[in-house]
Amino acid sequence: MNIFEEALQKKSVFKNRDLVTPHYMPDKLPFRENQIKQMTNVLALALKGSKPDNIFIYGRTGTGKTVTTKFVLNQLNEFASKTNAKIVTTYINCRNHPTKYKVLLKCCSQYYPEHNFIGYSAGFVYEKVVSYVEKNECFAIIASDEIDTVKDLDDLIYALTRSNDEISKGGISIIGISNNVLFKDRLDARTKSSLCQQELVFPPYNAYELKEILKQRVELAFNENAVQESAINLAAAIAAKESGDARTAVMLLLRAGEIADQKGLSVVTDKEVEEARKKVEEEIILNMISTLPIQEQLVLLAITKLSLNKRGINKLTGMQEENVLYSGEVYEEYCRIARSLKENVVSARWYREYIHELETYGLIVTTASGAGQRGQTTFIKLGYEAQKIYSSLSKILQAENI
DNA sequence: CCTCCACAGGAAGCGCAGGAGT
DNA sequence: ACTCCTGCGCTTCCTGTGGAGG
């Protein structure tokens, strides 16, 4: 028998596996009715012929910011084309378009699909965007996901806000999406007030909500009775405890289903979810680490190596503690590693910036030294199990040929 | 009490790449 | 095609901090 024929004939717990991948966009968004209503109310102004306020959306990863926004924009487009309202919506992931210029360029490529504006000056592209809106007397809604990654955000917001003065009929509105709560406070006061005319918060899902979401997905994606109720509960409980993140919850189910398939089981139980949990956690860590610059990976490597090799003894109590490291010794270890790998070694000052970065990603936890310690230092601890980080790191560094 | 230690983190500046202006 | 400009990653230098030790 052909090996592919064999693979196709293999029984599966999935009815439609695509529906439990993170890319799938459900047509029902439970527990986001409020946010949808608020967004709809603001954007509906465009249908009545006046410019909607700018909206700023924030919430942690996996709280449904992106899907909800896309969903509302889809509905808006659908309705607008039915009623011949002049509305253009653009969705931009700013991680891939991290400057004012690139955001505007992306808008242009949608407004003028037959033209290619790459290489034109920033001013020209801006004019093109404004004149399109002006000429068509339409309302442009620009949704900028991960807006905190835009370098010259103040300029972008200012330019788009100001453009509304030049446009007599129609207007440009911005929907900014961010998962960084602190980001809002770092903004220039003017930018902040114009971007945050309307604010929307997406709170993390609790265990009950996650359970309902998972149930809905299970019905769509899995065969009937292929997932035990308790397995769903467990997946929801794990995700709720760790982050309230719907994406990890869905990933848990997906991996659990795959594990069941591998074992040739027809039902997904708690056991598979438990196994999937390890896998998903590793995937998350691997993902996070692989996007880090090499130097930060080396700092992290220094921390993991030390935590694996060393006892951590609290000098005050003399007790065997969890692997707590001193900032100084980590720096020394990092220098050794970097030198031995023939990578350049950054200064201690910059190393401290790296430590901050790593902390914001949750990969490490730092605490200021208190009494019992000579002088001022920072204690560093890993945010995840050292062994897991170590295995991810060695995979990545190997792939990079280091 | 003063001084030293072991750092934290601000300020200034430097070399570089790539984009803008001419 | 050319210079000019600007942002980025980084270094150097410096001031601040709070306990330890004399």
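We name chains A, B, ... by the order of the sequence lines, and we start the count at 1 in each one.
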*When the distance from CD of E353(A) to C1' of dA11(B) is rounded to whole Å, what number comes out?*
13 Å
_Side-chain N or O of H356(A) versus OP1/OP2 of dA8(B): is the shortest distance under 4.0 Å?_
no
*asked:* As a test of reading the structure: which of dA8(B), dC10(C), dG10(B) is closest to the side chain of S327(A), going by heavy atoms?
replied: dA8(B)
*Think R17(A) forms a cation-pi with Y24(A), using NZ or CZ under 6.0 Å from the six-ring centre and within 45 degrees of its axis?*
no
*asked:* Side chain of R352(A) only, heavy atoms from C-beta on: which candidate in dC7(B), dG9(B), dT11(C) is closest?
replied: dG9(B)
*Base, sugar-phosphate, or nothing for V330(A), non-hydrogen atoms under 4.0 angstrom?*
nothing
*asked:* For residues 290-301 of chain A, which residue pairs pass the salt bridge (charged side-chain N to carboxylate O under 4.0 Å, His left out) check, not counting sequence neighbours?
replied: none
*Any N or O donor-acceptor pair linking the side chain of R349(A) to the base of dG9(C) at under 3.5 Å?*
no
*Of the candidate nucleotides dC13(C), dC7(B), dG9(C), which contains the atom at the shortest distance from the side chain of W350(A)?*
dG9(C)
*Please give, in whole Å, the distance from dC10(C) P to Y331(A) OH?*
12 Å
*Does Y351(A) have a side-chain nitrogen or oxygen under 4.0 Å from the phosphate oxygens OP1 or OP2 of dC10(C)?*
no
*Short N-O contact, K271(A) and E274(A), less than 4.0 angstrom*: no
_Verdict with reasoning, E272(A) to T269(A), per side-chain hydrogen bond (donor to acceptor under 3.5 Å, both in side chains)_ = CA-CA 6 Å; E272(A) 280 73 50; T269(A) 68; 2.7 Å; yes
